[in-house]
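Everything below concerns the one structure shown next.
For the single chain, residues carry numbers from 1 onward in sequence order. The figures here come from the full heavy-atom set of this structure, side chains too, leaving out hydrogens, waters and symmetry mates.
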Amino acid sequence: MTATTTTLTITRPDDWHLHLRDGEQLKDTVRDASRYLGRALVMPNLLPPATTTDLALAYYDRIVAVRPEGSRFEPLMSLYLTDKTDPQEIRTAKATGKIVACKLYPAGATTNSDSGVTDVKNIYPVLEVMQETGTLLLVHGEVTDPSIDIFDREKVFLDTVLPDVVRDFPGLKIVLEHITTEHAVNFVEQAGDNVAATITAHHLLFNRNHMLVGGIRPHFYCLPILKRNTHQQALVRAATSGSKKFFMGTDSAPHFQHRKEAACGCAGAYTSHAAVELYAEAFEEAGALDKLEAFTSHNGPDFYGLPRNADTITLVKESWTVDATLPLGGDQLVPIRAGETIDWMVK
Ligand SMILES: NC(=O)N[C@@H](CC(=O)O)C(=O)O
Ligand SMILES: [Zn+2]
Ligand SMILES: [Zn+2]
């Protein structure tokens, strides 16, 4: 890293949790993602979900086909686990070199998770092969029991579901995705080197007051839901601590404006237009800009066992205004910070 107060040059970042969607939306999401990311771990929660090697590879081809001219942005693919996933499918997937992880969505936990896993014991034979082949397990860590308060669903998952998996598969690399609580920070810190976590920019910058005070603001509604500010502070501490266990995963999740500004609005926040720029704000606010590069560009590839990107990007401290809406597949979305300013810009 080289830095002055107004510029910051860092190794090219990767996004380890990104929703690119499909079809008409793909050219818009890929355009934003390929501005400066080296790689992105692409989430498989499509309709229908990317449950097999063939589906994931066909999705890879559709992404690569809409990359802007000259872009070297590289999608890393994941398989969507179901109760019926065939353990042999993991060997086929791993052998492609393009599929590096499988995603555990507890059935019903989040957007397009209806085909997810109903009991983690159902995928134990699959986890066995993942452990053996070095395929990462990415986890949406929330229970779905309707009697559990939505603000407690991550904590209860960490108390009741994940400890068994960690104990029974000591050689399995696990990423707890988009963590939102101090409990999750503690869980990851206390676990072995095979357990890490992604943290989104919006969970570092916002808490539930931003979503609920002065009116209900649907563009801050995502899952796991924003928590109280003490949890936000714990996430900032973790991200800026210098620990290798925490890294960038934006969970940028586009939804049409009319699907979010609705009586039953979709979960997901869009940050792909300004991912590293928003993280830079959060790290600067914490007085930890010197820790940004490890978080955005080193810890992720190191944990995945992949090389770090060889080139750099430069951020400048320069304020710019985010458009009120951005195009999405012939319709539009409302990004985080719509119509407001962001302090950092990537040159
Ligand atoms: N985070 C979200 O609120 N939504 C994501 C799904 C997910 O990552 O859980 C989406 O696909 O829209
Ligand atoms: Zn999720
Ligand atoms: Zn996500």
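No single ILVMFWY cluster, assembled from side-chain heavy atoms under 4.5 Å apart, contains both Val334 and Phe256.
One finds the CG atom of Leu79 at 7.5 Å from the OG1 atom of Thr85 (value rounded to the nearest 0.5 Å). One finds the CD atom of Glu284 at 3.5 Å from the NZ atom of Lys317 (value rounded to the nearest 0.5 Å).
Each of Lys155, Lys227, Arg237, Arg228 was scored for a salt bridge (charged side-chain N to carboxylate O under 4.0 Å, His left out) with Glu182, with one residue passing: Arg237.
Ring pair Phe206/His210 is perpendicular by interplanar angle, where above 60° counts as perpendicular and below 30° as parallel. Ring geometry, Tyr279 versus Phe283: the interplanar angle exceeds 60°, so the pair is classed perpendicular (tilted spans 30 to 60°). A tilted orientation is assigned to the rings of Tyr105 and His140, their planes being inclined by 30° to 60°.
Looking only at atom types and distance, the side chain of His255 has a donor-acceptor partner in the side chain of Arg21 under 3.5 Å away.
The six-membered or imidazole ring of His231 lies away from that of His203, with a centre-to-centre distance of 6.0 Å or more. For Trp16 and Tyr304, the gap between ring centers is short of 6.0 Å.
Side chain of Ser113 to main chain of Ala109: a donor-acceptor pair is present (N/O by atom type, distance under 3.5 Å, no hydrogens or angles).
Cation-pi contact between Lys260 and Tyr221: absent, since separation from the ring centre below 6.0 Å together with deviation from the ring axis within 45° is not met.
Atom CD of Glu261 has more than 12 neighbouring heavy atoms from other residues, nucleotides or ligands inside a 6.0 Å radius.
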After noting the C-alpha distance and the side-chain angles of Trp320 and Glu277, does the key distance pass the side chain to side chain donor-acceptor pair (under 3.5 Å) rule? CA-CA 11 Å; Trp320 57 287; Glu277 298 90 326; 5.4 Å; no
